[in-house]
K.L.:
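Got a structure here, written out as structure tokens. Questions coming.
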Amino acid sequence: MTNRNVVTRFAPSPTGFLHIGGARTALFNWAFARKHGGTFILRIEDTDRARSTPESTRGIIEDLKWLGLDWDEGPDAGTANPYTAQTGHYGPYFQSQRLEQYRQQAVKLMQDGRAYKCFKTPEELAVDREEARQLRRPYKYDRTQAISLTPDTITRYEREGRPCVVRFRMPDTDITVRDSVLGNVTVKAAELEDFIIVKSDGYPTFHLANVVDDAAMNVTHVLRAQEHLMNTPKHVALQEALGFDTPRYAHMPLIFNPDGSKMSKRDKAKAARQGAKAYLKEHGNDTAQLARKAGSLGANEIEAFVNKKTDDTTIAALLADALGVELPEIDVHDFKQSGYLPETALNYIALLGWSPGNNVERFDLDFLVEQFDLGRIGKANARFDRAKLLAFNTESIAKLPPEVFLKHLAAHDAEFHHRAYLEKLGKQNFTVFAESYRPRCRTLQEPFVNGRFFIVADDAFDYQPDAVKKNLQKDNGEGFGVLQDLRPLLADCQPWSAAQLEIVVKQYAEDKSLGLGKVAQPLRVAVSGSTVSPPIYDTLAILGQAATLARIDRCMELAATQPQQPQTQGH
RNA sequence: GACCCCGUCGUCUAGUCAGGUCUAGGACACCAGGUUUUCAUCCUGGUAACACGGGUUCGAAUCCCGUCGGGGUCACCA
């Protein structure tokens with residue numbers, strides 16, 4: 001491609017975590033810029049004073065970094081204070097720091113007769129809308145009153161302190177958006193209304209700030225979600241009035257839940273609420289009991305949450321944690337926590353609305369950059385399929401070199417488990433732990449969930465009744481017998497290594513003419529409480545000799561305290 | 001409701017722009033076998049789609065029209 005001046009941007013509003021849809025928008029803008037050797041900008045659109053937070057800004061930066069997306073201009077990625085440390089010639093990159101620019105452009109538009117002040121309050125507007133609704137007529141803002149205000153009246157209103165907004169005067173012409181994905185989209189003049197460009201608090205709206213910044217930062221291509229399509233005619237009109245070039249737009253299809261609903265933070269609240277309700281129903285609506293279970297939550301907080309008074313994600317997370325409910329992943333951070341590899345997650349979401357063709361679907365970022373093309377972005381909305389993401393992740397993890405997997409796993413342990421596994425197991429055994437799970441885990445989280453028994457005290461895990469019944473008590477306690485036989489052999493095992501354990505256990509199985517399953521399963525249940533663990537030799541090796549013997553002893557007590565039911569044998 | 005966008009297996013998609021090579025390909029899921037000490041893998045096979053109706057054409061998944069269906073927008077949010 002010959003265009004060496006490509007400039008794209010990702011312009012999130014810092015009102016929450018980075019959403020998975022936002023991640024795709026960032027990815028495509030990044031890929032397009034990289035493909036053309038252009039510039040990728042991160043711009044923070046914090047013009048919503050009530051909802052924007054510095055924490056959110058930091059979170060978004062962290063998430064983008066984790067995904068491996070870098071930007072050429074914007075807040076610095078590694079800084080403690082992104083508000084002051086920024087890079088690029090066209091900054092600052094926080095809209096809250098660019099208010100003077102928007103003010104100047106708004107003044108210019110008013111001087112040119114392309115914008116005007118409007119003193120209608122939100123309440124008055126709501127009344128107008130309601131009236132139109134009652135009459136079953138489409139509502140459209142009527143500029144007549146506002147533009148007939150005399151300068152004297154306006155001055156008087158302002159002296160009285162009456163709040164006002166600035167509205168852009170839409171031209172009386174149809175507007176066609178040239179879109180690289182959708183083609184030409186024309187909206188009739190009658191469908192367009194004068195929209196607000198400066199709020200009564202003096203802050204610009206998204207429309208003004210977005211258009212002014214895109215021009216100021218020389219943005220050439222705007223890749224954004226299709227939900228913005230109806231905003232674009234407004235932006236095109238604004239650009240015309242301001243004398244700006246219109247960037248090339250490309251509106252991408254939306255991403256939905258498997259059931260077709262919108263992927264939103266509320267899904268998490270919904271799932272947690274469902275879990276909480278089920279628990280309360282089972283426990284006589286005892287909110288206090290649930291509060292105790294959930295630790296740092298108050299009963300009134302839980303009540304408010306269950307009664308849909310709030311969708312607070314922190315409450316949702318705490319409840320889910322206490323109840324063992326899995327929350328759907330919505331934000332980038334959720335996918336990180338669930339143990340997906342960043343490049344794999346990116347690979348998967350790239351496929352939601354884009355495809356390289358040729359039956360290729362597994363690729364890395366280099367390939368994406370090389371192949372990325374606006375013409376291959378689809379038009380139809382996509383549903384997010386976690387099963388497929390999981391399949392991708394499984395494949396990716398299986399291909400990871402041991403040392404890379406170890407690094408990933410250690411990072412996950414550090415971020416989500418307070419290094420509990422590394423500290424309890426020790427560096428040596430943590431490596432064995434990682435290697436034993438590497439070929440059999442689908443996410444980075446699974447080893448920590450399935451392998452929790454490795455780090456708890458020898459008497460602090462439960463024996464699953466079904467597992468005990470099937471592998472220990474069955475056939476007159478055959479499993480217990482195996483444990484009894486093995487106990488001294490293991491006590492003598494030297495050295496305590498997976499290799500040596502394999503020799504000992506296999507020899508025993510052979511001597512007794514037992515299938516390996518008949519030996520491994522009782523052991524597995526004895527040391528882990530369940531029927532699932534890494535290969536039994538690795539499991540015992542990681543656990544260590546002392547813990548293994550202690551757990552076998554504890555398990556044998558089970559045989560004594562829970563005598564098997566009398567069984568009628570065949571003979 | 002108005003306006004706008006979209007419509008290929010259950011899901012993501014290839015093929016559509018330049019109609020024939022498509023009795024529609026791949027992946028995930030699912031089903032059936034097989035391998036495996038558990039789990040997770042892995043291997044083999046299978047089920048499964050051009051929303052519907054007209055039109056244009058020798059020929060339509062591909063072009064046109066309509067219907068139906070889905071989605072987006074209609075804020076002093078972005």
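Predicted model only: the values in this text are computed from it and were never measured. In what follows, every chain begins at residue 1, and chains take the letters A, B, ... in the order their sequences are listed.
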K.L.:
Specify whether A:Phe119 and A:Tyr157 have parallel, tilted or perpendicular ring planes, treating 30° as the upper limit for parallel and 60° as the lower limit for perpendicular.
P.N.:
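Plane angle over 60°, so perpendicular.
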K.L.:
Mind calculating the distance between CG (A:Asp373) and P (B:C17) to the nearest angstrom?
P.N.:
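In whole Å, B:C17 P lies 17 Å from A:Asp373 CG.
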K.L.:
Taking NZ, NE, NH1 and NH2 as the nitrogens, is one of them in A:Lys388 or A:Glu361 under 4.0 Å from a carboxylate oxygen of the other?
P.N.:
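Salt bridge flag = yes for A:Glu361 with A:Lys388.
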K.L.:
What is the distance, rounded to the nearest whole Å, between atom CZ of A:Phe448 and atom P of B:C39?
P.N.:
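Rounded to the whole Å, the gap is 23 Å.
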K.L.:
Taking for each residue the nucleotide of RNA chain B bearing the nearest heavy atom, is the 5' side occupied by A:Thr15 or by A:Leu389?
P.N.:
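Its nearest nucleotide lies further toward 5', so the answer is A:Leu389.
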K.L.:
Could you state the CD-P distance from A:Gln507 to B:U37, rounded to the nearest angstrom?
P.N.:
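Distance check: A:Gln507 CD to B:U37 P gives 18 Å.
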K.L.:
Between A:His19 (NE2) and B:A78 (P), how many Å, whole number?
P.N.:
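Between P of B:A78 and NE2 of A:His19: 18 Å.
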K.L.:
Looking at B:C12, does its base get a donor-acceptor pair with the side chain of A:Arg383 below 3.5 Å?
P.N.:
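Answer is no: no donor-acceptor pair is held.
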K.L.:
When you measure from the side chain of A:Ala391, which nucleotide among B:C28, B:A2, B:C76 comes out closest?
P.N.:
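In terms of side-chain proximity for A:Ala391, the closest of B:C28, B:A2, B:C76 is B:C28.
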K.L.:
Please report the distance separating the C1' of B:A60 from the corresponding atom of B:C74, rounded so that it comes out in whole Å.
P.N.:
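Approximately 38 Å lies between the C1' atom of B:A60 and that of B:C74.
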K.L.:
Are the side chain of A:Asn471 and the backbone N or O of A:Pro522 linked by a donor-acceptor pair below 3.5 Å?
P.N.:
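No; judged by distance alone, with no hydrogens or angles, the pair does not exist.
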K.L.:
Does the distance from a Lys or Arg side-chain N to an Asp or Glu carboxylate O, for A:Arg9 and A:Asp214, drop under 4.0 Å?
P.N.:
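Between A:Asp214 and A:Arg9 there is a salt bridge, with a charged N closer than 4.0 Å to a carboxylate O.
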K.L.:
From B:A29, B:U38, B:A78, pick the nucleotide closest to the side chain of A:Arg524?
P.N.:
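For the A:Arg524 side chain, the nearest candidate turns out to be B:U38.
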K.L.:
Is the distance from OP1 or OP2 of B:A78 to the nearest side-chain N or O of A:Lys199 less than 4.0 Å?
P.N.:
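For B:A78, OP1/OP2 do have a side-chain N/O of A:Lys199 under 4.0 Å.
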K.L.:
Starting at atom CG of A:Leu390, determine the distance to atom C1' of B:C12, rounded to an integer number of angstrom.
P.N.:
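It works out to 15 Å between those atoms.
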K.L.:
Determine whether any donor atom in the side chain of A:Lys388 lies under 3.5 Å from an acceptor atom in the base of B:A29, or the reverse, and answer yes or no.
P.N.:
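No, no donor-acceptor pair under 3.5 Å.
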K.L.:
Indicate the atoms forming the closest heavy-atom contact of A:Leu409 with A:Phe448, along with that distance.
P.N.:
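Closest heavy-atom pair between A:Leu409 and A:Phe448: O-CZ, 3.4 Å.
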K.L.:
Confirm from the modelled atom types if A:Asn381 and B:G71 form a donor-acceptor pair under 3.5 Å, side chain to base only.
P.N.:
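A donor-acceptor contact between them is absent.
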K.L.:
Of the nucleotides B:C28, B:C76, B:A14, which has the atom closest to the A:Arg376 side chain?
P.N.:
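The nucleotide sitting nearest to the side chain is B:A14.
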K.L.:
Choosing from B:G25, B:U38, B:G10, which nucleotide comes nearest the side chain of A:Gln521?
P.N.:
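It is B:U38.
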K.L.:
Measuring from the side chain of A:Ala387 (C-beta onward, heavy atoms only), which nucleotide among B:G71, B:A29, B:G26 has the closest atom?
P.N.:
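Within the option list, the nearest is B:A29.
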K.L.:
Search all heavy atoms of A:Trp354 against all heavy atoms of A:Asp373 and return the closest pair with its distance.
P.N.:
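Answer, listing the atom of A:Trp354 first, then A:Asp373: NE1-O, 3.4 Å.
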K.L.:
Nearest whole Å is fine: how far is B:A78 P from A:Asp213 CG?
P.N.:
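It works out to 13 Å between those atoms.
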K.L.:
Picking from B:C12, B:C4, B:U38, which would you name as closest to the side chain of A:Val185?
P.N.:
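Given the options B:C12, B:C4, B:U38, the side chain of A:Val185 is closest to B:C4.
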K.L.:
Mind checking who B:C74 pairs with, Watson-Crick or G-U wobble, both distances under 3.5 Å?
P.N.:
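Result: B:G1.
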K.L.:
Taking B:A61 as the reference, what is the distance to B:A18 when you measure between their C1' atoms (whole Å, please)?
P.N.:
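Between the two C1' atoms, the distance is 16 Å.
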K.L.:
Quickly work out the A:Arg129 CZ to B:G1 P distance and round it to whole Å.
P.N.:
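Going from A:Arg129 (CZ) to B:G1 (P), I get 21 Å.
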K.L.:
Measuring from the side chain of A:Met230 (C-beta onward, heavy atoms only), which nucleotide among B:C5, B:G72, B:U41 has the closest atom?
P.N.:
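Taking heavy atoms from C-beta onward, the closest nucleotide is B:G72.
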K.L.:
Could you check whether A:Glu45 gets within reach of a base, just the sugar-phosphate, or nothing at all, counting any heavy atom under 4.0 Å?
P.N.:
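Contact class for A:Glu45: sugar-phosphate only.
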K.L.:
Which of these nucleotides, B:C77, B:U38, B:C12, is closest to any side-chain atom of A:Ala382?
P.N.:
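Among the listed nucleotides, the one closest to the side chain of A:Ala382 is B:C12.
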K.L.:
Name the residue closer to the 5' end of RNA chain B, choosing between A:Arg51 and A:Lys188 according to the nucleotide with the nearest heavy atom.
P.N.:
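Per heavy-atom nearest nucleotide, the more 5' residue is A:Lys188.
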K.L.:
May I ask you to verify if any side-chain N or O of A:Lys262 is less than 4.0 angstrom from the OP1 or OP2 atom of B:U73?
P.N.:
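Yes, such a contact exists.
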K.L.:
Does the distance from a Lys or Arg side-chain N to an Asp or Glu carboxylate O, for A:Glu446 and A:Arg442, drop under 4.0 Å?
P.N.:
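Result for this pair is yes, salt bridge flagged.
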K.L.:
When you get a sec, tell me which of B:C12, B:C76, B:C4 is the closest nucleotide to the side chain of A:Pro122?
P.N.:
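For the A:Pro122 side chain, the nearest candidate turns out to be B:C76.
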K.L.:
Picking from B:A40, B:A78, B:C12, which would you name as closest to the side chain of A:His207?
P.N.:
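Minimum distance to the A:His207 side chain belongs to B:A78.
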K.L.:
Considering only atom P, compute the distance from B:G15 to B:U21 and round it to an integer number of Å.
P.N.:
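These two P atoms come out 16 Å apart once rounded.
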K.L.:
Using Watson-Crick or G-U wobble geometry with both distances under 3.5 Å, which nucleotide pairs with B:G7?
P.N.:
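For B:G7, the partner nucleotide comes out as B:C68, under the 3.5 Å rule.
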K.L.:
Once you round it to whole Å, what is the distance between P of B:G71 and NE2 of A:His251?
P.N.:
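It is 20 Å, rounded to the nearest whole Å.
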K.L.:
With a 4.0 Å cut-off on heavy atoms, is A:Ala380 in touch with a base, just the backbone sugar-phosphate, or nothing at all?
P.N.:
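It contacts sugar-phosphate atoms only.
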